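Bear in mind the structure is a predicted one, so any value in this text is a computation, not a measurement.
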Amino acid sequence: MEFFAAALGGPHEHRGRTMKEVHRGRGIERRHFDLVAKYLIEALLAAGVPQPAVDAIVGAVAPLADDVVAPA
């Protein structure tokens, strides 16, 4: 929660480990990242979140792929 608040410009500062540190060694492939993004979008839309807000959230998360996906 703290991560999303910080990523979206909220008042909370993310003080945890970096995305790269948290996901290192977990074997996450690009297809896994893409599925999570798809489910996030679907969940936000199903919850009634307006499309511009969904776009902003996805725009904040998408650039993290390189830190989350394991090197090939």
Side-chain angles (χ1 to χ4, degrees):
M1 186 63 151
E2 193 177 85
F3 161 74
F4 277 109
L8 297 172
H12 300 287
E13 184 178 320
H14 178 67
R15 297 177 192 195
R17 296 182 297 159
T18 67
M19 287 294 120
K20 190 169 271 195
E21 291 170 338
V22 171
H23 295 92
R24 183 181 299 130
R26 297 189 184 271
I28 299 170
E29 298 175 10
R30 181 63 194 223
R31 65 187 174 94
H32 300 125
F33 185 89
D34 291 345
L35 274 174
V36 170
K38 176 184 178 242
Y39 296 145
L40 175 62
I41 292 167
E42 290 173 357
L44 291 168
L45 291 173
V49 175
Q51 187 67 53
V54 172
D55 294 343
I57 293 167
V58 171
V61 172
L64 299 173
D66 288 343
D67 289 343
V68 173
V69 174

Anything under 3.5 Å between a donor and an acceptor, one on a side chain of residues 57-67, the other on a protein residue two or more places apart or in another chain? List them.
none

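- From Glu42, atom CD reaches atom NZ of Lys38 across 4.5 Å, with rounding to the nearest 0.5 Å.
- Each of Arg31, His32, Arg30 was checked for a side chain to side chain contact (heavy atoms under 4.5 Å, CB included) with Val69, and the lone residue meeting it is Arg30.
- Hydrophobic clustering (ILVMFWY, side-chain heavy atoms < 4.5 Å, transitive): Val49 and Leu40 are in one cluster.
- For the side chain to side chain donor-acceptor pair (under 3.5 Å) condition, the pairs that include at least one residue of residues 44-64, sequence neighbours left out, are Gln51-Asp55.
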